[in-house]
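The structure under discussion appears below in the form of structure tokens.
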Protein chains: 2
Amino acid sequence: MGKLTRDAVIDQALRIGDAEGLQAVTIRRLAQDLGVTPMALYWHFKNKEQLTVGMGDHLMRGFATQEDTTRPWNERLRGLVADLVGILRRHTCAASVLEEVDQMEVPSFLRVWDTALGLINQAGFTYEESCLIARYLLKGAIALAGGEARDRHRPSDPEAAEARRVKRLNLQSLPRDSYPHIVEMATPLVDGCSAEVYDTFGIDLLIGGVEVMAARRTASA
Amino acid sequence: MGKLTRDAVIDQALRIGDAEGLQAVTIRRLAQDLGVTPMALYWHFKNKEQLTVGMGDHLMRGFATQEDTTRPWNERLRGLVADLVGILRRHTCAASVLEEVDQMEVPSFLRVWDTALGLINQAGFTYEESCLIARYLLKGAIALAGGEARDRHRPSDPEAAEARRVKRLNLQSLPRDSYPHIVEMATPLVDGCSAEVYDTFGIDLLIGGVEVMAARRTASA
DNA sequence: ACCTGAACACCGTTCAAGT
DNA sequence: ACCTGAACACCGTTCAAGT
């Protein structure tokens, strides 16, 4: 039989995570799927946290923004965020993984942090500010990706569709005088936005904040 | 002895959560602290999720931004975010609670959502955009509050200080040529930023993004 | 080097039963 | 109405032992 390898474990973990959510990824479930004892996994991973770190590392391994140093910092920063969002979009459980683990423990994600820090610092911010902005940007991208775009509701999942229907009805039946806007926007709230809005708008929003702060900085200097 | 009441449970849950982190809040631990059987809690809460929702609701109960409708939308939006950050700052576990539960299930947090949606929509955004922005803003505030400000490192916690020291050393011992900026900024990265930077900068950053998008919108219209 | 068996110390939750 | 006892089905993890 195929030997149990670190990568095989991570592959299966991602498969489960994408299909059933990260909370379905347990040591015991994983072992069962791989036809092995739970304790076998402890040979390849120190503990479950390291498994999750491994998942994150695997996900971010493909991340490589081309460093075209001729372009201005804000365009390059936008490219970085767009690439990150792209990965998060392709794997359903990617956002949860990065929320669960300490991002600084994921080697391949450190490359994202480093290039982000460099670009932001280059824009004229102090070290302290750069750290704050980088965290805001990366967490922001994850937060945006966490709220699924409409296209990701695959019709093949009637269970989730039903859950959304219930949720929408709950919001719509709130008292109109206390929660007028929630009642009004119940549908876009639970359905999320289209991928186009997501791309052109969500990323602009994140980068726009950084740009305007940079502009204020040089204006007052 | 004092009867077991819903509020008593939530109070104790918040006490544990603030002192030892949200993961230390378990049904069984809670029951033990309250001198009662674990199953007793199920009379007051349907399940653990509802307990966490209760914690979130309790935390956000004190939230009431004065609705000074004479001020422009962006100032009012800034006030809302500042108030939210204020609450998250006062309770160590507040951010974790709001990350864990479905925010839309927390009644008192729905008031935050509603006023945010109203103000954003008033700025001229579509429904879809408003939902996206509101999520970005609220999640962004939580993300910022999640990374602790320097002042919150109480000297009374030498264990956490030691953990930060180890973390900083780990970052500093990364290869300088692959991670130049992380090595350079290791200290502000693990220590977080000062409360002043946090307030004046972090919130400006969030609001700035919304303002600039609103400006672009009316400019192209 | 790589995996198993048995065991430990936890979880959340249900359900019938007590008062 | 409010709480308990006993039990179920899960967790992650350790440690000695097998090959």
Side-chain angles (χ1 to χ4, degrees), chain A residues 1-58 93 96-102 105-106 159 163, chain B residues 1-58 93 96-102 105-106 159 163:
Chain A
M1 279 300 157
K3 280 217 330 167
L4 183 64
T5 154
R6 229 189 104 94
D7 276 343
V9 177
I10 288 179
D11 276 352
Q12 182 60 20
L14 288 173
R15 216 171 288 130
I16 299 174
D18 281 338
E20 306 174 38
L22 186 57
Q23 90 291 336
V25 179
T26 73
I27 297 280
R28 294 173 118 102
R29 162 72 187 278
L30 222 32
Q32 191 181 345
D33 286 13
L34 295 165
V36 98
T37 334
M39 292 70 77
L41 302 190
Y42 284 90
W43 179 259
H44 301 275
F45 301 91
K46 190 181 150 238
N47 51 34
K48 199 194 173 184
E49 192 195 337
Q50 288 308 307
L51 202 218
T52 317
V53 168
M55 293 172 73
D57 194 49
H58 188 97
C93 75
S96 330
V97 169
L98 292 178
E99 277 167 5
E100 182 151 314
V101 303
D102 182 352
E105 301 274 295
V106 183
E159 191 177 348
Chain B
M1 277 309 145
K3 283 216 330 168
L4 183 65
T5 154
R6 232 188 102 94
D7 276 343
V9 177
I10 289 178
D11 276 351
Q12 181 62 20
L14 288 173
R15 216 170 289 130
I16 298 174
D18 282 336
E20 306 173 37
L22 187 58
Q23 91 289 337
V25 178
T26 74
I27 298 278
R28 294 175 119 102
R29 162 71 187 278
L30 221 33
Q32 192 181 343
D33 286 12
L34 295 165
V36 99
T37 336
M39 292 71 77
L41 302 189
Y42 284 90
W43 179 259
H44 302 274
F45 301 91
K46 190 180 150 242
N47 52 34
K48 199 195 173 183
E49 192 194 338
Q50 288 308 309
L51 203 218
T52 317
V53 168
M55 292 173 72
D57 194 50
H58 188 96
C93 74
S96 329
V97 169
L98 292 178
E99 278 167 6
E100 182 151 311
V101 304
D102 182 352
E105 300 273 296
V106 183
E159 192 176 347

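All chains are named by letter (A, B, ...) in the order of the sequence lines, taking the proteins before the strands, and each is independently numbered beginning at 1. None of the values given here were measured: they were computed from a predicted structure. Computation of the quantities below employed the complete heavy-atom set of this structure, encompassing side-chain atoms and omitting hydrogens, waters and symmetry-equivalent molecules.
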Side chain to side chain contact (heavy atoms under 4.5 Å, CB included) partners for A:E100, two or more places apart: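 Only A:L22, A:T52 meet the side chain to side chain contact (heavy atoms under 4.5 Å, CB included) criterion with A:E100.
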So [Y] and [X], do their side chains get closer than 4.5 Å, heavy atoms only?
X: B:L41; Y: B:L51; value: no
X: A:L4; Y: A:L34; value: yes
X: B:Q12; Y: B:R15; value: yes
X: B:Q50; Y: B:N47; value: yes
X: B:I27; Y: B:F45; value: no

Stem regions touching DNA chain C, defined by at least 3 consecutive Watson-Crick or wobble G-U pairs below 3.5 angstrom: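 Expected stems, ordered by start: C:4-8 with D:12-16, C:12-16 with D:4-8.
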CD/A:Q32: more than 12 non-hydrogen atoms of other groups inside 6.0 Å: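 For A:Q32, atom CD is not crowded (no more than 12 foreign heavy atoms under 6.0 Å).
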Nucleic acid footprint by protein, nucleotides 2-13 of chain C - heavy-atom cut-off 4.0 Å, B for base, S for sugar-phosphate alone: BSBBB----BBB
